[in-house]
Amino acid sequence: MANAGELLQRIASQQHQLQARGLWRQRQLTEPVVGSVRRVQRNGQQFIDFAGNDYLGLATHPQVITAQQQALQRYGCGSTASPLVSGYSNAHAQLEQQLCELSGHEAALLLPSGFAGNSALLKTLFTASDTVIADKLIHASMIDALRDRQVKLQRFAHNDLAHAEQLLIKTPRSALVTESVFSMDGDSAPLTELAALCQRCNSPLIVDDAHGFLLSDSLQVKPFARLVTFGKALGGQGAAILGSQQLIDYLVANAREYIYSTALAPAACAGVSQALQLAADGYLQQQLSQNIAYFRQACAAQGIALMPSNSAIQPLVLGDSERVMQVAARLARRGFLVGAIRPPTVPAGKGRLRLTLSAAHQPQQLLALATALAECCDDA
Ligand SMILES: Cc1ncc(COP(=O)(O)O)c(C=O)c1O
C-alpha cells in the first residue's frame with residue numbers, strides 16, 4: 001500500500017537510480033521532412049533516418065496516403081467502438097481477407113498494435129497449467145503476456161534448435177514461441193527446422209513475424225498462429241493474428257484485448273491494404289536487399305564489425321550504455337539518427353546501435369553512414 005506522496009517518492013528514487021546508470025529514457029519530437037528521402041527533423045536539426053522500422057518506405061508513399069484519405073472520408077476518423085459492438089467494418093474485413101490470401105492462413109483478427117496482439121493471443125490461449133518453450137530473445141510483449149498468466153516459461157538459447165528439442169522432449173506437447181526475424185539482433189530463426197520439430201513433438205508453433213513478414217521467407221512455414229504487425233514493413237499502424245478459423249473465432253469471443261478495446265481505425269486498415277498491394281510484386285524488397293548488401297559492404301570496407309544479419313536490422317554492438325549514447329550523439333551531430341539500444345532491452349554489456357535500413361535509402365546515404373560510423377566509433 002502506498003499513498004500519493006509515497007508513490008511519488010518511489011518514482012523519484014527509481015528515476016534517480018536509472019539516471020545514475022544512464023538508463024533513463026525520454027521521448028523527443030521527431031517528424032518527417034516532407035518531400036525528402038528518409039529525412040526527419042528533431043529540435044530544428046535534420047537527420048537521415050536510420051532508426052525507424054519503415055523498411056519498405058511505405059509510411060509516406062503517396063498511394064498509401066491517398067487510400068487512407070479516401071477511407072477517412074468514407075468511414076470517419078475512428079472505428080468508434082469495440083469490434084464486437086459496432087467497430088467492425090468492411091475495411092477490417094477486406095484487410096483480413098487480403099492477409100489470409102497472402103499468407104495461406106484461414107482467418108485473421110486485427111488489433112490496434114502488435115503488443116496488444118501478442119497479449120491477446122498468449123493470454124487467451126494459455127493458463128498457469130501450461131508450459132511454453134520460447135527463444136531466449138522473444139519480444140517483451142510475449143514475455144509479459146506469459147508472465148501475467150503465470151504460464152511456466154522455459155527459454156532455449158537463442159536459435160538453438162538442439163536446446164529447443166531438449167526442452168520439448170522434457171515437456172512434450174508444449175507450445176513453442178519464436179520471432180521470425182529478431183528485433184534487436186536482426187538474425188532469423190530456423191523456422192523450417194522449428195516447424196518440423198514442433199510437428200514431430202505435436203507442439204503448436206507460434207511465430208511473431210513482426211520483422212519478417214513480407215521481408216523474409218517466413219510464410220514458407222505455416223505455424224499454429226502468426227502475429228504480423230503493420231507498423232514495420234507496411235509503414236502503418238496495428239497488427240493481425242493469423243491462424244485457423246477455429247482459433248480466430250475463439251479469440252474473437254474470448255480475447256479481452258479485442259473485446260474491451262476500440263477497433264483499429266478503418267482508415268488505418270485501408271492504408272495497410274494499399275501498402276500490401278504495393279509490396280506484392282517484391283520490387284521494394286529487392287531494393288531493400290540491395291541496400292542491405294551495399295551497406296554491409298561499405299561497413300566492411302571501413303572495418304565496422306556489424307552483427308551477422310541479412311535483414312533490415314543491422315546492429316553494431318558497442319558494449320556499455322555510456323559508449324552507445326556517446327556514439328549515437330556523435331552520429332546525430334553529423335546528421336544521422338540511429339537507435340541507441342541499452343539494457344534491459346538487450347543484455348548488460350551488449351548495448352548497441354540498431355541501424356535500420358529501408359528500400360527508400362539512397363546509396364550515398366548508406367555510404368555516408370558507414371563513413372560516419374568509422375569516424376564516430378574511432379574517437380568515442
Ligand atoms: C518482435 C516484435 N513483436 C511485437 C512488437 C509490437 O508491435 P507494435 O509496435 O505494433 O505494438 C514489436 C515492436 O516493437 C516487435 O519488435
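Residue numbers start at 1 and run along the sequence shown. The structure displayed is predicted, hence computed values, not measured ones. We use all heavy atoms of the structure for the numbers below, so side chains are in, but hydrogens, waters and symmetry mates are not.
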Problem set entry | Qualifying salt bridge (Lys or Arg N to Asp or Glu O under 4.0 Å) pairs, either residue in residues 179-208, two or more places apart | Glu165-Arg200, Asp185-Arg352
Exercise. Tell me, do Phe50 and Leu373 make a side-chain contact under 4.5 Å, heavy atoms counted?
Worked result: no
Problem set entry | Any side-chain heavy-atom pair of Arg155 and Ile143 under 4.5 Å | yes
Exercise. Can you get from Leu227 to Val177 by hopping between Ile, Leu, Val, Met, Phe, Trp and Tyr side chains that sit under 4.5 Å apart?
Worked result: yes
Under 3.5 Å, which donor-acceptor pairs do the side chains of residues 252-259 form with other protein atoms, sequence neighbours left out?
unit_1	atom_1	unit_2	atom_2	d
Asn254	ND2	Tyr250	O	2.9
Glu257	OE2	Ser119	OG	3.1

For this session: Specify the closest pair of heavy atoms between Thr80 and Ser86, including all atoms of both residues, with the distance to one decimal.
Result: OG1-OG, 4.5 Å
For residues 299-319, which side-chain donor-acceptor pairs fall under 3.5 Å, sequence neighbours excluded?
unit_1	atom_1	unit_2	atom_2	d
Ser309	OG	Gly186	O	3.1
Ser309	OG	Ser311	N	3.1
Ser309	OG	Ser311	OG	3.2
Ser309	OG	Ile313	O	2.7
Ser309	OG	Gln314	NE2	3.4
Ser311	OG	Gly186	O	2.8
Ser311	OG	Ile313	N	3.1
Ser311	OG	Ile313	O	3.4
Gln314	OE1	Arg296	NH1	2.5
Gln314	NE2	Ser309	O	3.0
Gln314	NE2	Ser311	O	2.8

Problem set entry | Approximate separation, where rounding is to 0.5 Å, of Leu109 CG and Glu96 CD | 6.5 Å
Exercise. Taking atom NE2 of His211 and atom OG of Ser180, what is their separation to the nearest 0.5 Å?
Worked result: 8.5 Å
Show the atom names and distances, to 0.1 Å, of all donor-acceptor pairs under 3.5 Å that link a side chain in residues 337-344 to residues at least two apart or in another chain.
unit_1	atom_1	unit_2	atom_2	d
Arg342	NH1	Gly22	O	2.3

Exercise. What do the steps show when you test Arg323 against Cys377 for side-chain contact (heavy atoms from CB on, under 4.5 Å), and what is the final call?
Worked result: CA-CA 9 Å; Arg323 180 161 155 81; Cys377 290; 4.2 Å; yes
Exercise. Using a side-chain heavy atom cutoff under 4.5 Å and only I, L, V, M, F, W and Y, what cluster partners does Val33 have?
Worked result: none
For this session: Using only heavy-atom distances, determine whether the side chains of His139 and Ser141 contain a donor-acceptor pair under 3.5 Å.
Result: yes
Exercise. Do Arg42 and Glu31 meet the salt-bridge criterion of a basic N to acidic O distance under 4.0 Å?
Worked result: no
Exercise. Looking only at heavy atoms, what is the nearest atom pair of Phe336 and Ala372, with distance?
Worked result: CE1-CB, 3.5 Å
Exercise. Is there a side-chain contact between Leu125 and Ile206, using heavy atoms and a 4.5 Å cut-off?
Worked result: yes
Exercise. Taking atom types as modelled, is there a side-chain donor on Asp54 or Ser358 under 3.5 Å from an acceptor on the other?
Worked result: no
Exercise. Phe126, Ile248: one ILVMFWY side-chain cluster at the under-4.5 Å cut-off?
Worked result: yes
For this session: Taking the side chain as every heavy atom from C-beta outward, state whether Lys152 and Val132 have any pair of such atoms under 4.5 Å apart.
Result: no
Exercise. Would you say the side chains of Asp135 and His158 form a donor-acceptor pair under 3.5 Å?
Worked result: yes
Exercise. Is atom CD of Glu6 surrounded by more than 12 heavy atoms (other residues, nucleotides or ligands) closer than 6.0 Å?
Worked result: yes
Pairs under 3.5 angstrom only: tabulate donor-acceptor contacts from the side chains of residues 268-280 to other protein residues two or more places apart or in another chain.
unit_1	atom_1	unit_2	atom_2	d
Ser273	OG	Gln98	OE1	2.8
Ser273	OG	Cys269	O	3.3

Problem set entry | Atom pair CE (Met142) and CG (Leu153), whose distance is rounded to the nearest 0.5 Å | 10.5 Å
Exercise. Closest approach of Tyr55 and Leu357, non-hydrogen atoms and distance?
Worked result: CD2-O, 3.6 Å
Exercise. Hey, does Gln45 have a side-chain heavy atom less than 4.5 Å from the side chain of Gln41?
Worked result: no
Exercise. Is Leu111 linked to Phe115 within one hydrophobic cluster, defined over Ile, Leu, Val, Met, Phe, Trp and Tyr using a side-chain heavy-atom separation of less than 4.5 Å?
Worked result: no
Seminar exercise, completed: dist Gln94:CD -> Gln97:CD (nearest 0.5 Å) comes out at 8.5 Å
Exercise. Looking at Ala360 and Gln365, what are the two nearest heavy atoms and their distance?
Worked result: O-OE1, 4.4 Å
For this session: Identify the two heavy atoms, one from Asn159 and one from Ser188, that lie closest to each other, and give their separation to 0.1 Å.
Result: ND2-O, 3.1 Å
Exercise. For Leu18, what are the other residues in its hydrophobic cluster, where any two members join if their side-chain heavy atoms are less than 4.5 angstrom apart?
Worked result: Leu23, Trp24
Exercise. More than 12 heavy atoms of other residues, nucleotides or ligands under 6.0 Å from CG of Leu29: is that the case?
Worked result: no
For this session: Carefully, step by step, assess Arg354 and Asn53 under the rule side-chain contact (heavy atoms from CB on, under 4.5 Å).
Result: CA-CA 10 Å; Arg354 180 176 182 270; Asn53 296 318; 3.0 Å; yes
Exercise. Where do Arg39 and Asp49 land on the side-chain contact (heavy atoms from CB on, under 4.5 Å) test, with the steps shown first?
Worked result: CA-CA 6 Å; Arg39 284 189 174 272; Asp49 182 9; over 6 Å; no
Seminar exercise, completed: Rounded to the nearest 0.5 angstrom, the CG-NZ distance for Asn118 and Lys123 is 11.0 Å
Exercise. Leu56 versus Leu215: any side-chain heavy-atom pair under 4.5 Å?
Worked result: yes
For this session: For residues His92 and Pro266, report the shortest heavy-atom separation together with the two atoms involved.
Result: CE1-CG, 4.0 Å
Problem set entry | Contact check, side chains of Leu99 and His105, non-hydrogen atoms, under 4.5 Å | no
Exercise. Between Tyr88 and Leu84, is there a shared hydrophobic cluster once you connect ILVMFWY residues whose side-chain heavy atoms come closer than 4.5 Å?
Worked result: yes
For this session: Kindly indicate, with the supporting measurements, whether the criterion side-chain contact (heavy atoms from CB on, under 4.5 Å) is fulfilled by Gln362 and Arg38.
Result: CA-CA 9 Å; Gln362 294 173 334; Arg38 299 231 56 80; over 6 Å; no
For this session: Tell me whether Leu353 is reachable from Phe295 by hopping between hydrophobic residues (I, L, V, M, F, W, Y) whose side-chain heavy atoms are closer than 4.5 Å.
Result: yes
For this session: Kindly check if the number of other-residue, nucleotide or ligand heavy atoms within 6.0 Å of CD (Gln199) is above 12?
Result: no
Exercise. Above 12 or not: heavy atoms from other molecules or residues under 6.0 Å from CD of Gln46?
Worked result: yes
Exercise. Is any side-chain heavy atom of Thr131 less than 4.5 Å from a side-chain heavy atom of Val151?
Worked result: no
Problem set entry | Transitive ILVMFWY cluster of Val207, excluding itself - 4.5 Å side-chain cut-off | Ile133, Phe156, Leu161, Leu167, Leu168, Leu176, Leu191, Leu194, Leu197, Leu205, Val221
Exercise. Is there any ring pair (Phe, Tyr, Trp, His ring centres under 6.0 Å) pair reaching into residues 271-293, and which pairs are they, with sequence neighbours excluded?
Worked result: none
For this session: Please go through Phe182's hydrophobic cluster and name the other residues, only I, L, V, M, F, W, Y counting, with side-chain heavy atoms under 4.5 Å joining them.
Result: Leu137
For this session: Find the distance between NE2 (His361) and CG (Leu355) and round it off to the nearest 0.5 Å.
Result: 10.0 Å
Please report, to 0.1 Å, the donor-acceptor pairs under 3.5 Å made by any side chain of residues 57-76, with sequence neighbours excluded.
unit_1	atom_1	unit_2	atom_2	d
His61	ND1	Gln63	N	3.1
Thr66	OG1	Pro62	O	2.9
Tyr75	OH	Ala91	N	3.3

List the atom pairs, donor and acceptor, that lie under 3.5 Å between side-chain atoms in residues 230-245 and the rest of the protein, sequence neighbours left out.
unit_1	atom_1	unit_2	atom_2	d
Ser244	OG	Leu247	N	3.0
Gln245	NE2	Asp249	OD1	3.0

